[in-house]
4 protein chains.
Amino acid sequence: MAGVNKVILVGNLGRDPEVRHLESGSVVANVTLATTEAYKDRNGNRVENTEWHDLEMWDGQAKVAEQYLRKGSQIFVEGKIKSDTWQDEQGNNRKKVRIRVLSFTMLGSRNMDGGAPGGNSSNAGQADQSTPNKAQPAASMPSSGGNIDDGEDDLPF
Amino acid sequence: MAGVNKVILVGNLGRDPEVRHLESGSVVANVTLATTEAYKDRNGNRVENTEWHDLEMWDGQAKVAEQYLRKGSQIFVEGKIKSDTWQDEQGNNRKKVRIRVLSFTMLGSRNMDGGAPGGNSSNAGQADQSTPNKAQPAASMPSSGGNIDDGEDDLPF
Amino acid sequence: MAGVNKVILVGNLGRDPEVRHLESGSVVANVTLATTEAYKDRNGNRVENTEWHDLEMWDGQAKVAEQYLRKGSQIFVEGKIKSDTWQDEQGNNRKKVRIRVLSFTMLGSRNMDGGAPGGNSSNAGQADQSTPNKAQPAASMPSSGGNIDDGEDDLPF
Amino acid sequence: MAGVNKVILVGNLGRDPEVRHLESGSVVANVTLATTEAYKDRNGNRVENTEWHDLEMWDGQAKVAEQYLRKGSQIFVEGKIKSDTWQDEQGNNRKKVRIRVLSFTMLGSRNMDGGAPGGNSSNAGQADQSTPNKAQPAASMPSSGGNIDDGEDDLPF
DNA sequence: TTTT
DNA sequence: TTTT
């Protein structure tokens with residue numbers, strides 16, 4: 001029986017993507033994403049609850065992540081839950097859950113354009129990976145930006 | 001048989017929300033939201049396709065929309081498809097589809113915080129409704145911000 | 001700015017799919033899907049509310065729909081909202097909203113396998129289109145069944 | 001910044017729900033759900049991949065699960081990812097991911113009604129928990145069935 | 001027009 | 001009518 005396994009997230013990166021270029025030619029990016037939920041407890045106090053997700057992106061997606069995503073970037077993600085299982089040294093069954101990203105979209109870049117005093121968005125398409133930080137946010141997607149789907153050929157340029 | 005009717009949108013408001021305070025005490029906000037899809041046609045030319053959605057928000061949600069959403073605001077929306085049907089003067093069956101919003105989240109305001117040199121985000125929580133415009137974007141959600149669910153009691157302050 | 005336009009439905013077909021084989025070789029199936037919501041009103045009475053959706057499927061998807069879906073079939077649908085706009089004879093702006101299906105999954109057929117006394121599921125892959133009816137439900141997807149994504153090559157056999 | 005953390009699953013229970021009635025009066029049900037994905041590998045061979053999800057349901061939801069869900073039941077689930085973190089005896093950081101169910105819907109029960117020769121669905125509302133098995137599927141939801149949302153008061157009877 |  |  002066919003099933004459905006779908007995850008939808010909106011959150012911010014906890015750190016810059018970790019990207020590995022494999023010998024096979026594949027590229028994989030590991031991204032940690034925080035989704036924060038705010039609510040009021042029974043006493044009316046505001047409570048924040050943050051869940052951290054381990055995302056896995058491949059190939060064209062990973063390259064876009066490498067170039068445009070930085071610590072703090074806000075993204076919309078669509079993916080699926082994917083777990084690895086193994087036995088540890090003690091012989092215990094272990095399981096690690098990851099989100100395999102199927103597509104993602106950068107959010108909020110419009111606001112950066114208006115607000116960034118140093119004109120950071122002008123280096124779109126050539127985001128300086130050596131000095132990513134909050135004050136100098138990652139470049140917005142270039143004009144061909146859009147959803148980044150799975151596959152090799154979806155680099156937006 | 002129970003069904004599922006769910007809509008998820010990320011897009012930008014086409015204009016300021018239209019808010020009506022009904023005699024019953026209910027508040028309703030009508031919002032037009034653009035979702036833009038970009039792809040390359042067979043000739044490799046970039047094509048943009050925009051779909052316009054008619055959103056309907058009620059009560060607490062509508063009040064938050066009135067106070068914080070402006071033309072151009074980027075939001076995440078979860079809702080359901082809801083149609084009205086009637087007969088027009090010619091006796092033809094007519095149908096109008098709307099998205100009944102169940103919750104929404106403002107996007108991108110974090111970036112405004114860091115980047116806005118004029119301190120626009122400083123008026124968070126007291127968005128000046130009389131002078132909303134692009135240069136002075138709608139205030140970001142106040143510190144109690146979060147998902148705006150359905151119901152009367154979810155004003156974020 | 002990239003957007004997101006996603007619809008998720010679970011419901012039942014109101015009638016058999018209407019399938020047209022175009023001269024271009026494309027195939028299009030129009031399907032009406034009911035999603036029913038049940039709740040209790042303020043008096044504790046059970047109320048049912050049914051929303052009807054106009055679905056549009058193309059090519060491989062449409063062929064699967066033609067062969068396996070029937071009035072009453074329960075499906076999971078993922079798609080996007082897509083509207084056509086035009087002017088009617090009176091010069092009024094008109095808009096028709098459809099759900100462009102991106103993938104769908106047949107539901108509940110597993111149970112048919114176990115329960116169907118006449119062995120209806122044995123004719124999977126050769127569903128008799130001339131005599132679809134309730135007593136003889138549409139065949140379940142064949143063993144290669146699964147999600148039916150967009151594209152020409154996804155016929156499950 | 002508000003986030004979004006949403007999971008949508010359609011799958012089958014791997015075993016009967018495990019339900020605990022806590023001293024506090026709360027009820028919790030643990031459910032394992034399989035979502036199966038089928039595709040063809042590069043050689044054209046059909047491959048099935050099953051992902052197992054650990055679901056957590058509370059209170060009214062858990063009671064409905066206890067009464068109506070059985071090994072093999074097909075359900076639609078909407079929830080969120082929720083992880084527990086701790087240190088094991090070796091001092092290693094450990095993390096367990098669960099799906100906190102926000103609502104679920106039973107699928108496919110219509111087909112059982114028609115197909116089950118032994119009239120199993122006649123015990124709807126009083127599913128015999130002592131002898132659940134595949135040949136005798138769990139009762140379909142009673143006529144007041146529908147989405148099972150979170151909360152105490154949503155038992156469908 | 002479906003389904004329960 | 002938005003956004004890039």
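Every chain is numbered from 1 and lettered A, B, ... according to where its sequence line falls, protein lines coming before strand lines.
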Student: Could you state the CE-P distance from D/Met106 to E/dT3, rounded to the nearest angstrom?
Tutor: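 Result: 18 Å.
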Student: Could you say whether the aromatic ring of C/Trp52 and the base of E/dT2 stack, counting only centre distances under 5.5 Å and plane angles under 30°?
Tutor: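 C/Trp52 vs E/dT2: stacking no.
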Student: How many Å lie between NZ on C/Lys71 and P on E/dT2, as a whole number?
Tutor: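 After rounding, the reported distance stands at 5 Å.
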Student: For the pair made of CG in C/Leu33 and C1' in E/dT3, what is the distance, rounded to whole Å?
Tutor: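 Rounded to whole Å, this separation is 10 Å.
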Student: Compare the minimum distances between each of E/dT3, F/dT2, E/dT4 and the side chain of C/Arg46, then state the nucleotide with the smallest one.
Tutor: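 Of E/dT3, F/dT2, E/dT4, E/dT4 is nearest to the side chain of C/Arg46.
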Student: Rounded to the Å, how far apart are B/Ile75 CD1 and F/dT3 C1'?
Tutor: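 Interatomic distance, CD1 of B/Ile75 to C1' of F/dT3: 13 Å.
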Student: Kindly point out which of F/dT2, F/dT4, E/dT2 is positioned nearest to the side chain of C/Ala34?
Tutor: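 Minimum distance to the C/Ala34 side chain belongs to E/dT2.
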Student: For the pair B/Asn5 (side chain) and B/Ile81 (backbone), establish whether a donor and an acceptor sit closer than 3.5 Å, ignoring hydrogens and angles.
Tutor: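 Between the backbone of B/Ile81 and the side chain of B/Asn5 there is a qualifying donor-acceptor contact (under 3.5 Å).
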Student: Are C/Glu48 and C/Arg46 ion-paired here, with the side-chain N under 4.0 Å from a carboxylate O?
Tutor: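 Yes, charged N to carboxylate O under 4.0 Å.
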Student: Any Lys/Arg nitrogen of C/Lys82 or B/Glu51 sitting under 4.0 Å from an Asp/Glu carboxylate oxygen of the other?
Tutor: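 Looking at C/Lys82 and B/Glu51, the cut-off is not met.
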Student: Separation of B/His53 atom NE2 from F/dT3 atom C1', in whole Å?
Tutor: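 Atom-to-atom, B/His53 to F/dT3, this comes out as 13 Å.
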Student: What integer distance in Å separates C/Lys40:NZ from E/dT4:P?
Tutor: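 Atom-to-atom, C/Lys40 to E/dT4, this comes out as 19 Å.
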Student: Provide, to the nearest angstrom, the distance between the CG atom belonging to D/Leu107 and the C1' atom belonging to E/dT4.
Tutor: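 About 13 Å, once rounded to whole Å.
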Student: Using whole Å, report how far CZ of A/Phe76 lies from P of F/dT3.
Tutor: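 The answer, rounded to whole Å, is 20 Å.
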Student: Please check: side-chain N/O of C/Gln74 versus main-chain N/O of C/Val10, any donor-acceptor pairing under 3.5 Å?
Tutor: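 Not a single qualifying donor-acceptor pair exists.
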Student: Counting heavy atoms from C-beta on, name the nucleotide in F/dT2, F/dT4, E/dT1 closest to the side chain of B/Glu48.
Tutor: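 Selected nucleotide (nearest to the side chain): F/dT4.
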